[in-house]
Amino acid sequence: MNLSTRTYTLILFGAILWCAAIVLAPLVASSGSPSAEYLYRFFQPICHQRGERSFFLFEHKLGVCTRCTSVYCAFLAGVLVYPFVRGLRNLCVPPRSVLLLALAPITVEVATEWVGWYSSSPFTRSLTGALLGFVLAFTILPVALEAVQQIADRRAADCSSIINKSSKQ
């Protein structure tokens with residue numbers, strides 16, 4: 001397995017674990033286990049977790065709100081389809097404008113809701129979150145793949161120069 005495939009697999013596994021933890025919180029809560037509190041606390045710093053803005057499973061809210069759930073699940077979906085669309089050797093990052101276009105609807109929705117001009121629905125929160133999450137996968141993956149490759153290349157070059165120096169002595 002080459003370095004790009006290993007890096008991709010690690011990112012994919014991390015995204016799967018993250019999404020699984022979001023769903024695991026209500027599953028553990030529905031079993032009556034007090035350990036569910038730790039899962040909800042884990043996500044607390046990154047999400048408001050308000051019940052009226054969350055999906056529910058077994059009468060317990062997911063670990064994060066609707067919008068966050070959509071961002072993370074769409075990111076996972078993007079990671080899953082990335083190799084089929086771009087390949088793991090294509091390290092071209094989409095233009096910044098693509099990320100800004102994906103960020104615009106969520107920004108407008110949050111801003112207009114904050115000032116009281118608009119009341120978002122679970123559908124719009126899901127849609128704007130999913131758009132951003134999917135585009136983030138196509139923005140983050142090539143950067144991560146290239147960064148890991150550059151680190152590996154640098155380490156190989158450093159090791160090679162050390163070996164060359166010691167063989168000359």
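Computation of the quantities below employed the complete heavy-atom set of this structure, encompassing side-chain atoms and omitting hydrogens, waters and symmetry-equivalent molecules. In what follows, residues are counted from 1 in the order of the sequence shown.
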Under 4.5 Å between side-chain heavy atoms, counting indirect links through other Ile/Leu/Val/Met/Phe/Trp/Tyr residues: same cluster for [X] and [Y] or not?
X    : Y    : answer
F84  : V79  : no
L100 : I106 : no
L99  : I140 : yes
L141 : L88  : yes
V93  : I11  : no

Can you check whether [X] reaches [Y] side chain to side chain, under 4.5 Å on heavy atoms?
X   : Y    : value
C68 : I46  : no
L76 : L12  : yes
L91 : V143 : no

Could you tell me which residues satisfy salt bridge (charged side-chain N to carboxylate O under 4.0 Å, His left out) with R50, sequence neighbours excluded, listed by chain and number?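 Once residues adjacent in sequence are excluded, the partners of R50 under the salt bridge (charged side-chain N to carboxylate O under 4.0 Å, His left out) criterion are E52.
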Can you confirm whether F58 is buried at CZ, in the sense that more than 12 heavy atoms of other residues, nucleotides or ligands lie under 6.0 Å from that atom?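 It does not: F58 CZ has 12 such atoms or fewer within range.
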Any residue meeting side-chain contact (heavy atoms from CB on, under 4.5 Å) with [X], in chain and number order, not counting sequence neighbours:
X    : result
P45  : none
W114 : none
E37  : R41

Straight-line distance of [X] [atom1] to [Y] [atom2], nearest 0.5 Å:
X    : Y    : atom1 : atom2 : result
Y72  : L136 : OH    : CG    : 10.0 Å
S54  : R125 : OG    : CZ    : 8.5 Å
L101 : L132 : CG    : CG    : 12.0 Å
K61  : F43  : NZ    : CZ    : 12.5 Å

S35 side chain to S33 side chain, donor-acceptor N/O pair below 3.5 angstrom: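 Yes.
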side-chain hydrogen bond (donor to acceptor under 3.5 Å, both in side chains) involving [X] - partner list, sequence neighbours excluded:
X    : answer
T112 : none
T66  : none
E113 : R53, S120
E109 : R67, T124, T128

Name every donor-acceptor pair, under 3.5 Å, that has one atom in a side chain of residues 144-152 and the other anywhere in the protein, sequence neighbours excluded.
from, atom 1, to, atom 2, distance (Å)
E146, OE2, Q150, NE2, 3.3
Q149, NE2, D153, OD1, 2.8

Going by the side chain to side chain donor-acceptor pair (under 3.5 Å) test, which pairs reach into residues 3-14, not counting sequence neighbours?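 Non-adjacent pairs meeting side chain to side chain donor-acceptor pair (under 3.5 Å): N2-T5.
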Tell me the side chain to side chain donor-acceptor pair (under 3.5 Å) pairs involving residues 73-87, sequence neighbours left out?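 Non-adjacent pairs meeting side chain to side chain donor-acceptor pair (under 3.5 Å): R86-N90.
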Quick check: does any side chain N or O of Y118 sit under 3.5 Å from a backbone N or O of V108, one acting as donor and the other as acceptor?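 No: the side chain of Y118 does not pair with the backbone of V108.
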C65 to C47 - nearest heavy-atom pair and separation: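 That closest heavy-atom pairing would be N-SG, 3.1 Å.
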Aromatic ring proximity F134/F138, centre distance under 6.0 Å: yes
List the atom pairs, with distances to 0.1 Å, where a side-chain N or O of residues 13-30 and a protein N or O form a donor-acceptor pair under 3.5 Å, not counting sequence neighbours.
from, atom 1, to, atom 2, distance (Å)
S30, OG, P26, O, 3.4
S30, OG, L27, O, 2.8

